[in-house]
Amino acid sequence: MTMTIRGQVLAALRNNPGLNSARIANMIGMTTKKLSGTVSALLADGLIACECKHGQRLYRLTSYGMQYAADTVPARSTDTTKLVLRTASNVICQECRNSAAMKRVLMVWGRVGV
């Protein structure tokens with residue numbers, strides 16, 4: 001079963017109140033940059049609250065958020081991701097290149113003759 005990022009943040013805060021965004025991101029295996037939008041939405045919805053202590057924000061669940069939080073955070077998968085091998089040049093597929101619209105675009109930029 002997969003959980004959304006929102007659900008993972010709520011579950012992490014249920015078991016560990018008073019975490020900062022870096023610790024939450026580390027627990028669920030993400031970067032703080034990816035997590036910031038979710039945390040902002042949870043704050044706006046009133047599911048979590050923040051407390052500023054020593055120059056950093058510490059998050060905890062509200063009583064309203066406790067109703068929606070799962071008991072545990074699911075384990076992270078250890079599978080390696082398959083990276084897409086990219087070429088050095090920008091390649092346009094042949095079907096797209098042969099379309100009338102693409103021919104007009106390429107003609108404007110001087111890539112294809114009339």
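We count residues from 1, following the sequence as given. What you are looking at is a predicted structure, and each value in this text was computed from that prediction instead of being measured. The figures that follow rest on heavy atoms only: side chains count, while hydrogens, waters and symmetry mates do not.
- Taking the side chain as every heavy atom from C-beta outward, Leu58 and Gln56 approach each other to under 4.5 Å.
- In this structure, OG in Ser99 is found 8.0 Å from CZ in Arg104, a value given to the nearest 0.5 Å.
- Looking at Arg57 and Asn20, their side chains never come closer than 4.5 Å, going by heavy atoms from C-beta outward.
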(message) Walk me through whether Leu35 and Ile28 qualify under side chain to side chain contact (heavy atoms under 4.5 Å, CB included).
(response) CA-CA 10 Å; Leu35 193 67; Ile28 63 175; 3.6 Å; yes

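- Counting only distance, with no hydrogens or angles, the side chain of Thr38 and the backbone of Ile5 share no donor-acceptor pair below 3.5 Å.
- Using modelled atom types, one side-chain atom of Arg14 and one backbone atom of Met66 make a donor-acceptor pair closer than 3.5 Å.
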(request) Start with the C-alpha gap between Val39 and Tyr59, add the side-chain angles, then the distance that decides, and say whether side chain to side chain contact (heavy atoms under 4.5 Å, CB included) holds. (result) CA-CA 9 Å; Val39 170; Tyr59 300 101; 3.6 Å; yes

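- Here CG of Asn26 is found 7.5 Å from CZ of Arg23. Values are rounded to the nearest 0.5 Å.
- Taking CG of Leu43 as the reference point, atom CD1 of Ile48 lies at 4.0 Å (rounded to 0.5 Å).
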(message) One pair to check against side chain to side chain contact (heavy atoms under 4.5 Å, CB included): Arg60 and Leu13. What are the steps and the verdict?
(response) CA-CA 6 Å; Arg60 62 175 173 76; Leu13 287 174; 5.8 Å; no

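- Between Leu47 and Leu61 the shortest side-chain heavy-atom distance does not fall below 4.5 Å.
- Residues Ala22 and Thr32 share a closest heavy-atom pair of CA-CG2, 3.6 Å.
- With values rounded to the nearest 0.5 angstrom, Met27 atom CE is found 4.0 Å from Asn16 atom CG.
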